[in-house]
Amino acid sequence: MVKYISCIVLLSATCLCSVFALANQPYPLDYFALREVVMDARLSPDGKRLAVLTIPSKDGDPVVEVYKTGNMSAKPFRINADPMEVRNIYWATNDDIVMRLRQKVRDKIEGFNQGVFEFKLASVNINNKKFKEYEQIGASIVHLLPNKPRKVIYSFIPGEFENNRLSEPFRPTAYYELDLKTGRKRLILRGKIALGQVEFDNSGNPWLARGFDLKKGYYVWYYRQSGSSDWTELYRLSEHSYENFEVVGFDVNNPHLFFVVANNGHDKEGLWEFDSNKKAFTELIYRRNDVDVRGVRFHSNDWTSGDEVVAVSYATDKLHYEYFNAQEAAVYRQLEGLVPNAYNVRVLSRTKDNQSLMIYNTGPRDPGSFYLLHRGKFQKVGSEQPLLEAEKLADVKYIKFKSRDGRDLAAYVTVPNGKPPFPAIVLPHGGPFVDELVIYDEWAQMLANNGYMVVQPQYRGSFNYGIDFHKSAFIEGSEAGFKMQDDKDDAALELVKRGWAEKDRLAMYGWSYGGYAALVAASRTPQIYQCSIAGAAVADMTMQVNYYRSRLRGVQKERQLKYRLGAINPIDETKKVNIPLLMIHGDVDQRVPVTHAVKYRKAIDDQGKPFKYVELKGADHFYDTLEYEHQKLLYESIISFLKNECGPGGL
C-alpha cells in the first residue's frame, strides 16, 4: 500500500544527530555508513514545485517530498512506495512525477547477474493524489517527451533476450509510449538483434538505432530522417575492433550532422562530426594526447533545448568541459561562483522559462549538495551526507609517475588533514576494464578521515588512456597479478618516494577486481604491505569466466579469456599468503557469487594460514544495495583490522 503523509522534514537532515564537533577526531563511522539523506531533487517544468527524494532516517526507505517553491517552509506532500522503494524521480509534467521503484523479491540470487531485486515504474499526480503502478517488470524511462504532455517513453528487454549473449547495450529492447493520464501504453517499436537500441529526440521521433549483424560479426548503427519510417545504415564496426564509435548527439541546426565519440584510427578517442548524408567523418572537433574524450554535455534546459550539445568533456584531475555555447559556459561559471566548494557542478533541472534551476555539486569536500536558484534567491535544499563538514574532509591530488617498466601512469591521492608521512592504503578500482574518475569517493574519504592516505592508481588496462594502454593488460598475455599488480605497488612506492607515506605502513583494500588484487597482494614476494583487505573478491579466475564464457564473442572474448585464463589465480596461491588478510563478501552477490569466498576460505584454512572473514547478510555486489547496517559493519571491520591486526602494531 502507498502511504501519504504530511509533515515538515528538515531538508538539511540535521535532525538525525548533531554534527560531530571535535575537529581533531575522526567522525564516528556511523556518519559514513548513512545512506544518502537527500538522493535527488527536481523542479517541475513551471518551477512551482520541488520534488525531493530523501531517506529521513538511518534505516528508513526513500520517500518523495513535494514542496511549493514559493513557500518552502510549508508542509510537503509526502509519498512512499512501501513495500517497494523509490530509486529515481522525474517530472513528466507540472503535476505528474514518474518514479522508478525497486523491491527485494527473493533471498537468494538465481544465478550469475541474476540479483534479488526487481524494478518497475509508477507515477503520481500531485493534484488528485492518484498513484499508479505499471506492471512491466524491469522497465526504464527513456524519454520524458517535453513536446507531448503527460506522455513518456519507457523501455524494457523482453524476457527471451534477458540472457542473450550480446553485450547489454546491444540487446533488443521494446519501446512503448505511456499515457500517464489513462495508463494506456502504445508500442512504438519492438527491437530485434539486427536493430535494437533506439534514441529519440524531444518530440519522440526515433532518430538513431543500433544493432548487430550476427552473420558478419559487425555492430551496426542506423539513422532515420524526421518524417520517415525507414532506417538507413550509418556505420558498422567489427566486433573484433578495439576502437569506439558512439553517437552522442546531433547538430540541432543541421540534424544530418552527428556528434560521435570515436577513435577513427587514433589511439585516443576524440569528438568528431559525422555526416549522415555522406556516411563519413567530416571534422575532428576535439581530441587530446593524454586522455580520451569522455562525452558531451547537453543544454541545461531539458524542456526547451534538451537535444542541443553544448560542450565536450574529458577527465584528468577532475571533469573538464570545453564549451561550444558561450551562454551555457557563462551559466556554469556563475553557478560555480555561487556554490560552496564548487567542484563538479551540474544543473539537474531547469524550468521552461529558464528562471529557476536545481543545481547539484559534488567534490572531495562535498559528498553531494543540492541548491535551488528560484526568483533570484539561492538556497541550499539538502545534502547527501549533511553530517560531514567540508573542513574535515580531504583533498584529492592527481599525480603522474612512471611504472617500473617505464609506462606513464596516473593516480588519485586522497590526502588526510595533517602532516605527512601517513600510513597509506592502495585502493584499486574494480572492473578492471573501466574508466575511473575520483570526485567524491566515500571509501577513500572514510579512510582519510581516520588518518590514512589513499592512492587509487589507474593501472594498465584502465579505460580513458587510449587503446594501447588498455590492451597492454592482456594482449600479449595476462598481466593480472603481474604488471597490473606492479602498477599498484609502484603507486604505493611513489607515495613513499615523495615523502607522503611511510614505507612500513602500507596496505591494500579493494572490491571486486580490486578484491582480487588484494588477494594477490597478500601472497606476493617481495612483500611491501603490512596487510590486505579483499572485498567481494574474485578468488578463482577460471570459475568467474565460466559464469559467462558461452556469451563471449569478438573483442570481449579475446579480452576476457586472455586476461582471466593467464592471470595469477588467488585460489592457487594460498600457501604463499604472508600478511594478515581480511575478507568481506555479501551473501547475495550476483556479480561475484559468495562461492568465491567459500572456496578461498577453505583453501587458506587448509594451509593453516590465519585470516578473518566478515559476511554481509543480504548484500549484493553493488554499492547501492548496501544498507546502513551493511556499511557500518564494513567500515568497522576495516578500521578495526587496520588498527589492531595489520602487521606488527597495526597500521
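Position 1 is the first residue of the sequence; numbering continues from there.
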With the side chain counted from C-beta on, respond yes when [X] and [Y] share a heavy-atom pair under 4.5 Å apart, and no when they do not.
X: Val588; Y: Gln590; value: no
X: Ile571; Y: His596; value: no
X: Trp272; Y: Leu284; value: yes
X: Leu506; Y: Val496; value: yes
X: Leu447; Y: Ile638; value: yes
X: Val247; Y: Phe274; value: no
X: Tyr513; Y: Val538; value: no
X: Glu322; Y: Val293; value: no

Can you tell me how far [atom2] of [Y] sits from [atom1] of [X], rounded to the nearest 0.5 angstrom?
X: Ile285; Y: Glu273; atom1: CD1; atom2: CD; result: 5.5 Å
X: Gln530; Y: Lys503; atom1: CD; atom2: NZ; result: 11.0 Å
X: Arg601; Y: Lys599; atom1: CZ; atom2: NZ; result: 14.0 Å
X: Ile639; Y: Cys646; atom1: CD1; atom2: SG; result: 11.0 Å
X: Asn546; Y: Arg564; atom1: CG; atom2: CZ; result: 10.5 Å
X: Leu409; Y: Gln458; atom1: CG; atom2: CD; result: 9.5 Å

Are any side-chain N or O atoms of [X] and backbone N or O atoms of [Y], one a donor and one an acceptor, separated by less than 3.5 Å?
X: Asn578; Y: Thr525; value: no
X: Glu243; Y: Gly265; value: yes
X: Ser241; Y: Ser238; value: no
X: Glu246; Y: Val261; value: no
X: Ser523; Y: Val577; value: no
X: Tyr235; Y: Phe245; value: no
X: Asp267; Y: Ile467; value: yes
X: Tyr459; Y: His429; value: yes
X: Ser532; Y: Ala518; value: yes
X: Glu269; Y: Arg294; value: no

Problem set entry | Working for side chain to side chain contact (heavy atoms under 4.5 Å, CB included), residues Gln556 and Tyr548 | CA-CA 11 Å; Gln556 278 283 27; Tyr548 55 85; over 6 Å; no
Take the angle between the ring planes of [X] and [Y] and call it parallel below 30°, perpendicular above 60°, tilted in between.
X: Trp207; Y: Phe258; answer: perpendicular
X: Trp443; Y: Tyr509; answer: tilted
X: His320; Y: Tyr314; answer: parallel
X: His470; Y: Phe474; answer: perpendicular
X: Tyr398; Y: Tyr412; answer: tilted

Between [X] and [Y] (judged by ring centroids, cut-off 6.0 Å), do the two rings come close enough to count as a pair?
X: Tyr563; Y: Phe433; result: yes
X: Phe250; Y: Tyr223; result: no
X: Phe611; Y: Tyr600; result: no

For [X] against [Y], the heavy-atom pair lying closest together:
X: Ala480; Y: Met541; answer: CB-CE, 4.2 Å
X: Pro457; Y: Ala411; answer: CA-CB, 3.8 Å
X: Ala492; Y: Ile528; answer: CB-CD1, 4.2 Å
X: Gly481; Y: Ile568; answer: O-CD1, 3.3 Å
X: Gly566; Y: Phe482; answer: O-CE1, 3.6 Å
X: Val455; Y: Ala491; answer: CG2-CB, 3.9 Å

Seminar exercise, completed: With Asp486 as partner, the option from Arg407, Arg524, Lys402, Arg460 fulfilling salt bridge (Lys or Arg N to Asp or Glu O under 4.0 Å) is Arg524
Problem set entry | Ring-face cation contact, Phe641 with Lys612, 6.0 Å cut, 45° max | no
For residues [X] and [Y], is any side-chain donor paired with an opposing acceptor at under 3.5 Å?
X: Tyr516; Y: Gln544; result: no
X: Gln197; Y: Thr173; result: yes
X: Gln456; Y: Asp441; result: yes
X: Glu442; Y: Tyr635; result: yes
X: Asp489; Y: Tyr529; result: yes

Step through the shown structure and confirm whether more than 12 heavy atoms of other residues, nucleotides or ligands are within 6.0 Å of [atom1] on [X].
X: Lys576; atom1: NZ; result: no
X: Glu476; atom1: CD; result: no
X: Lys397; atom1: NZ; result: no
X: Tyr218; atom1: OH; result: no
X: Asn289; atom1: CG; result: no
X: Lys279; atom1: NZ; result: yes

Exercise. Do Val198 and Val142 pass the side chain to side chain contact (heavy atoms under 4.5 Å, CB included) test, and can you show the C-alpha distance, the side-chain angles, and the key distance before you say yes or no?
Worked result: CA-CA 9 Å; Val198 181; Val142 172; over 6 Å; no
Problem set entry | Qualifying residue for side chain to side chain contact (heavy atoms under 4.5 Å, CB included) with Val248, from Val309, Val312, Leu208, Val296 | Val296
For this session: Any chance you could lay out the salt bridge (charged side-chain N to carboxylate O under 4.0 Å, His left out) test for Asp487 and Lys483, step after step, and finish with the verdict?
Result: CA-CA 6 Å; Asp487 292 346; Lys483 291 181 180 178; over 6 Å; no
Problem set entry | Candidate pair Trp231 and Val220, rule side chain to side chain contact (heavy atoms under 4.5 Å, CB included), full reasoning | CA-CA 12 Å; Trp231 291 100; Val220 187; over 6 Å; no
